[in-house]
**Student:** 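One structure, pasted below without further comment.
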Amino acid sequence: MMATKPIAEILRQGKPDESVEIRGWVRTKRELKGFSFMEVNDGSFLANLQVVLNPELPDYENLLKRLSTGASVAVQGVLVASPGKGQRLELKASSVVIYGESDPETYPLQKKRHSFEFLRTIAHLRSRTNTLGAVFRVRNACAAAIHQFFQERGFLWVHTPIITASDCEGAGELFRVTNFNLEAIPQTDKDEIDYSQDFFGRPAYLTVSGQLEAEVMAMSFENVYTFGPTFRAENSNTSRHLAEFWMVEPEMAFCDLKGDQDLAEEFLKYIFKYVLEKCPEDLEFFNQRIDKSVLETADNIINNQFERISYSEAINLLIKADRQFEYPVEWGLDLQSEHERYLAEELFKKPVIVRDYPSKIKAFYMRLNEDEKTVAAMDVLVPKIGEIIGGAQREERLDVLSDRIEAQGLPKDDLWWYLDLRRYGTVPHAGFGLGFERTVQFMTGMANIRDVIPFPRTPLSAEF
RNA sequence: UCCCCUGUAGCUCAGUGGUAGAGCGGUCGGCUGUUAACCGAUUGGUCGUAGGUUCGAAUCCCACCGGGGGAGCCA
C-alpha cells in the first residue's frame, strides 16, 4: 500500500526511490516530444511537485489531453532525483487518476500572473494561486500562533457573543439583527418600531467588539482572550477595512498599562517569529514578489525593543518634526495616520507604543490618569500600517466610570452588568485589541485587506 | 460618505472623431529534460449600460452601474 503524502512533506524530506501517492490540482503541463511534465499543487506548499509522464503510461495520449490546468488528480509513482534544474526531486508517474477535468477554454486561471482585482471576482478559485495560497497558509499559521501564545501563558479562550444588545461601544456603525418581516414591521401606537415584538424583544446587533464581555470573563479567570469575527457597518471603502473581520482581544485582571504594553510587545514578537519559522518559503515569496521589505519588517519587529512614549511626547516630537503635515498637530487632537506613520516609519524606524492619550478623544472605559486630563490608553504603531493594536487599562473605579459614562451621554442603564463588575470585587485590569487581517496584511505585505481573507465582505460585495 | 482614476478579446492593456489592435492565454503543429519553456500558425469583440452631439462615436457630452486608489472613520 502506497502512502499518500502532502507535497510539502515530499519536497522537504522526501528521498529518491520512495514510492508515494500524491493528490492535488494540476497547475501547468509542458508537453515535449518524448514525454511530458506536469506540476501538481495540493495547497500544502508554495512550490509544485513536478511529475514526469512517460508514454508508457496507459492511455497516454488521451491522458495528456485531459490533464489541463485546474484538473484534479491522484498520482502514484516513485520519487527520483531530478536531472533538471529548479527542483531536487520529481515524481515519475506509474499511474495517474483524473478525478475532475478542467476545460482549458473556460478555466479562468492562467499560468501567467493575474491582477488581485481580477482574482477577487473569482474568489472561489483564487486560493489555487501561488500568492493567495501563501496568504492563507500564513493566515493559518498566524491564527495558530495567537492561540499558542495565549495558551502557553494560561489565558482562557472565551467565546464572546456575535449578537449583542449593547450599542455603546462607540466603535463604528452596527449591523441590525432582526427576524421582523421587513415588509411589515410591527409598530407601536406612536408609530415607532415595536422592538418588543422582535426576536430578542429589543434592538439587537452584530458585535463590534467582545471587549466588555471579555472583561466579565477576566473577572473570574484572570487572563482571557477572544478571537473571533467582528462586524462594522461603516461605509468604508479602503484597502484596510472590512465589514466582517477577525479580532483578537486579550483581557487581564490585576494588570496595569505597563503590563498591557509588555504583553502587546511580547505578543507581536511571538507571532512574527512563529510564522517565520512555520512558513519560511511563503514569507520569502512575499518578500520577493509582493513587498521587498517583508523579511526586514519581521526582523524589525522580532529584534527591536519597541519605543515607548507618551502622547504628550509624541505631540512634541511631531511639532519639532522637520516636515509639514496635512493635518494640524496640537495637544488634544487625535493622531492622524500620517502622524502615526511618521513616528513609526521615519523617526524611530520601528514599532512605537504611544500611551496616555487625552481622555476626550478616547473611549469611556479607559482609566482616567492622576492628571485627570489623560487616560491610560496605548496604541502600538508600526511602519506602513500605523495603528495595529489599540488597548488600555480599564476604569475599575465605580464612581469614576459612572461619571465618564454620563459625561459621554451613554445609556448607563444598559451597562448595569458592566458597572456591577466594579461593584463586586473590582480589580485593576487591562487589555487590547488586534485586527487579525491587518496583522496578516502587515506580515505578508499584501496591499489590500480583501486579499488576506478568503471571502471578503465590503460595501456592495458579498457574492461568495 | 467625500475626492481622484478607470471600464475595449478569457487576462493585461494600446487605440482620444473616419473599416477593432498587441502581448499573454486557448487551439493546432514542431521541438530528446522542460520549469513564466521555446518556435510557427490559428482562434478570439454588443468597446460597462442607456441617452445625446455628429455625415460618422471605443473616442466628445450627460446619467446610471461596476472596479481601483486615497481621505474620513476605524481594527
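Naming convention: chains lettered A, B, ... in sequence-line order (proteins, then strands); numbering from 1 in each chain. Every value quoted in this text rests on a predicted model; they were computed, and no experiment measured them. Just the heavy atoms: all of them, side chains too, but no hydrogens, waters or symmetry mates, feed the values below.
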**Student:** Can you tell me the distance, in whole Å, between the CG atom of Leu125(A) and the P atom of rG10(B)?
**Tutor:**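 The distance from CG of Leu125(A) to P of rG10(B) comes to 17 Å, rounded to the nearest Å.
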**Student:** Hey, can you tell me if Phe325(A) and His339(A) have their rings parallel, tilted or perpendicular (30° and 60° cut-offs)?
**Tutor:**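 Phe325(A) vs His339(A) ring planes: perpendicular.
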**Student:** Within this structure, what is the CZ-CG distance for the pair Arg120(A) and Asn448(A), rounded to the nearest 0.5 Å?
**Tutor:**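 One finds 4.0 Å between CZ of Arg120(A) and CG of Asn448(A).
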**Student:** Classify the side-chain pair Glu249(A)/Ser209(A) by whether it contains a donor and acceptor separated by less than 3.5 Å.
**Tutor:**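 Judged by distance alone, the side chains do pair up.
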**Student:** Going by distance alone, is a donor N or O of one side chain under 3.5 Å from an acceptor N or O of the other, for Ser94(A) and Gln76(A)?
**Tutor:**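 No.
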**Student:** Rounded to whole angstrom units, what separation is found between the CG atom of Leu46(A) and the P atom of rA36(B)?
**Tutor:**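 Going from Leu46(A) (CG) to rA36(B) (P), I get 13 Å.
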**Student:** I'd like the P distance from rA50(B) over to rA14(B), given in whole Å.
**Tutor:**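 To the nearest whole Å, 24 Å.
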**Student:** Taking Glu437(A) for the side chain and Trp246(A) for the main chain, is one N or O donor matched with an acceptor at less than 3.5 Å?
**Tutor:**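 Yes, Glu437(A) side chain to Trp246(A) backbone: donor-acceptor pair under 3.5 Å.
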**Student:** Round to the nearest Å and state the distance from His114(A) atom NE2 to rG26(B) atom C1'.
**Tutor:**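 Those two atoms, NE2 and C1', are 12 Å apart.
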**Student:** Let me know which of Leu49(A), Val78(A), Ile7(A) forms a side-chain contact (heavy atoms from CB on, under 4.5 Å) with Leu91(A).
**Tutor:**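 Among the candidates, only Leu49(A) passes.
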**Student:** If you restrict it to nitrogen or oxygen atoms, what contacts under 3.5 Å exist between nucleotides 23-25 of chain B and the protein, and what is each distance?
**Tutor:**
from    : atom 1 : to        : atom 2 : distance (Å)
rG23(B) : N2     : Lys112(A) : NZ     : 3.4

**Student:** Between N or O atoms, less than 3.5 Å apart, protein on one side and nucleotides 70-72 of chain B on the other: list the pairs.
**Tutor:**
from    : atom 1 : to        : atom 2 : distance (Å)
rG70(B) : OP2    : Ser239(A) : OG     : 2.9
rA71(B) : OP2    : Arg240(A) : NH1    : 3.4
rA71(B) : O2'    : Tyr327(A) : OH     : 3.2
rG72(B) : OP1    : Gln336(A) : OE1    : 2.7
rG72(B) : N1     : Ser236(A) : OG     : 3.3

**Student:** With C1' as the reference atom in both, quote the distance from rC60(B) to rU53(B) in angstrom, rounded to an integer.
**Tutor:**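 Taking atom C1' in both rC60(B) and rU53(B), they lie 8 Å apart.
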**Student:** Determine the interplanar angle of the His124(A) and Phe464(A) rings, folded into 0 to 90°, and report it as parallel if under 30°, tilted if 30 to 60°, perpendicular if over 60°.
**Tutor:**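 Rings of His124(A) and Phe464(A): parallel, as their planes differ by under 30°.
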**Student:** Looking at rC38(B), which nucleotide sits across from it as a Watson-Crick or G-U wobble partner, both distances under 3.5 angstrom, or is there none?
**Tutor:**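 Pairing partner, where one exists within any strand: rG30(B).
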**Student:** Rounded off to whole Å, could you give me the CZ-to-C1' distance for the Phe116(A) and rC11(B) pair?
**Tutor:**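 One finds 15 Å between C1' of rC11(B) and CZ of Phe116(A), rounded.
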**Student:** For atom P, what is the distance between rC38(B) and rC24(B), given to the nearest Å?
**Tutor:**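 Per the computed distance, 8 Å lies between those P atoms.
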**Student:** Give a yes or no on whether the backbone of Leu333(A) and the side-chain of Lys360(A) come within a donor-acceptor separation of less than 3.5 Å.
**Tutor:**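 Looks like no, no N/O pair under 3.5 Å.
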**Student:** CG of Leu333(A) versus P of rC73(B): gap in Å, rounded?
**Tutor:**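 Nearest whole value for this atom pair: 11 Å.
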**Student:** Please measure how far the C1' atom in rG10(B) lies from the corresponding atom in rG45(B), and state the result in whole Å.
**Tutor:**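 Per the computed distance, 12 Å lies between those C1' atoms.
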**Student:** For Ile449(A) and rC74(B), give me the distance from atom CD1 to atom C1', rounded to whole Å.
**Tutor:**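 It is 11 Å, rounded to the nearest whole Å.
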**Student:** Rounded to whole angstrom, note down the C1' distance from rG7(B) over to rC47(B).
**Tutor:**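 Those two atoms are separated by 10 Å.
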**Student:** Can you tell me if Tyr418(A) and Glu215(A) form a side-chain donor-acceptor pair at under 3.5 Å?
**Tutor:**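 Judged by distance alone, the side chains do pair up.
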**Student:** Is it true that Asp356(A) and Ser310(A) share a donor-acceptor pair across their side chains at a distance under 3.5 Å?
**Tutor:**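 Note: Ser310(A) and Asp356(A) side chains miss the donor-acceptor criterion.
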**Student:** How far does the P atom of rU27(B) sit from the matching atom of rU34(B), given to the nearest Å?
**Tutor:**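 After rounding to an integer number of Å, I get 22 Å for this pair.
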**Student:** Mind checking Phe245(A) for me? I need base, sugar-phosphate or nothing, with any heavy atom below 4.0 Å counting as a touch.
**Tutor:**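 Since a base atom lies under 4.0 Å of Phe245(A), the category is base.
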**Student:** Across all strands, who's sitting opposite rU16(B) as a Watson-Crick or G-U wobble pair, both distances under 3.5 Å?
**Tutor:**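 No nucleotide pairs with rU16(B).
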**Student:** Apply ring-ring contact (aromatic ring centres under 6.0 Å, His included) to His429(A) and list each qualifying residue two or more places apart in sequence or on a separate chain.
**Tutor:**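 Counting only residues at least two positions away or on another chain, His429(A) forms no ring-ring contact (aromatic ring centres under 6.0 Å, His included).
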**Student:** Please report the distance separating the P of rC61(B) from the corresponding atom of rG48(B), rounded so that it comes out in whole Å.
**Tutor:**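 The answer is 15 Å between these two P atoms.
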**Student:** Figure out the NE2/P separation between His339(A) and rC74(B), and round it to whole Å.
**Tutor:**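 From His339(A) NE2 to rC74(B) P: 15 Å.
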**Student:** Any luck finding a side-chain donor-acceptor pair between Thr160(A) and Glu213(A) under 3.5 Å?
**Tutor:**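 Not at all, the side chains of Thr160(A) and Glu213(A) share no donor-acceptor pair under 3.5 Å.
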**Student:** Would you mind pulling out the nucleotide paired to rC74(B), Watson-Crick or G-U wobble, both distances under 3.5 Å?
**Tutor:**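 Partner of rC74(B): none found under 3.5 Å.
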**Student:** Extract from the structure each pairing of a protein N or O with an N or O of nucleotides 39-44 of chain B at less than 3.5 Å, listing the distance.
**Tutor:**
none

**Student:** Does the Lys NZ or Arg CZ of Arg113(A) fall within the cation-pi geometry relative to Phe116(A) - under 6.0 Å from the ring centre and within 45° of the axis?
**Tutor:**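 Yes, Arg113(A) sits over the ring of Phe116(A).
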**Student:** For nucleotides rG17(B) and rU54(B), find the distance between their C1' atoms and express it as a whole number of Å.
**Tutor:**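 Between the two C1' atoms, the distance is 9 Å.
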**Student:** Looking only at heavy atoms, which two atoms of Arg232(A) and Val208(A) are closest? And how far apart?
**Tutor:**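 For Arg232(A) and Val208(A), the tightest heavy-atom pair comes out as NH2-O, 2.6 Å.
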**Student:** Which way is the base of rU16(B) turned, syn or anti, if we draw the line at 90° from 0?
**Tutor:**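 Syn, since the glycosidic angle lies within 90° of 0.
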**Student:** May I have the distance from Phe118(A) (atom CZ) to rG10(B) (atom C1'), rounded to whole angstrom?
**Tutor:**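 Answer to the nearest Å: 7 Å.
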**Student:** Using a heavy-atom cut-off of 4.0 Å across all strands, would you classify Arg450(A) as base, sugar-phosphate, or nothing?
**Tutor:**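 Sugar-phosphate, backbone atoms only, no base.
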**Student:** I'd like a table of atom pairs between the protein and nucleotides 29-33 of chain B - only N or O on both sides, under 3.5 Å - with the distance next to each one.
**Tutor:**
from    : atom 1 : to       : atom 2 : distance (Å)
rC31(B) : OP1    : Lys33(A) : NZ     : 3.2
rC31(B) : OP2    : Lys33(A) : NZ     : 2.5
rC31(B) : N4     : Glu31(A) : O      : 3.3
rG33(B) : N1     : Glu90(A) : OE2    : 2.7
rG33(B) : N2     : Ser82(A) : OG     : 3.4
rG33(B) : N2     : Glu90(A) : OE1    : 2.3
rG33(B) : N2     : Glu90(A) : OE2    : 2.8

**Student:** Identify whether any heavy atom of Leu460(A) sits under 4.0 Å from a base atom; if not, whether one sits that close to sugar-phosphate; answer base, sugar-phosphate or nothing.
**Tutor:**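 Sugar-phosphate contact only.
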**Student:** Could you identify which residues of residues 54-69 of chain A place a heavy atom less than 4.0 Å from some atom of RNA chain B, listed by residue number, or say none?
**Tutor:**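 Hits under 4.0 Å, by residue number: none.
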**Student:** Among Lys29(A), Arg27(A), Arg30(A), exactly one meets side chain to side chain donor-acceptor pair (under 3.5 Å) together with Glu39(A). Which residue is that?
**Tutor:**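 Going through Lys29(A), Arg27(A), Arg30(A) one by one, the side chain to side chain donor-acceptor pair (under 3.5 Å) with Glu39(A) is satisfied by Arg30(A) alone.
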**Student:** For Tyr357(A) and Asp334(A), test the side chains for any donor-to-acceptor distance below 3.5 angstrom and give the result as yes or no.
**Tutor:**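 There is no such pair between these side chains.
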**Student:** Do you know the tightest heavy-atom contact between Tyr205(A) and Ala165(A)?
**Tutor:**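 That would be CE1-O, 3.9 Å.
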**Student:** Please name the residue in the list Tyr225(A), Tyr270(A), Trp157(A) that meets the ring-ring contact (aromatic ring centres under 6.0 Å, His included) test with Phe150(A).
**Tutor:**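 Testing Phe150(A) for a ring-ring contact (aromatic ring centres under 6.0 Å, His included) against Tyr225(A), Tyr270(A), Trp157(A) leaves exactly one candidate, Tyr225(A).
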**Student:** With a 3.5 angstrom cut-off on both distances, give the Watson-Crick or G-U wobble partner of rG10(B), or none if there isn't one.
**Tutor:**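 By the stated definition (distances under 3.5 Å), rC24(B) pairs with rG10(B).
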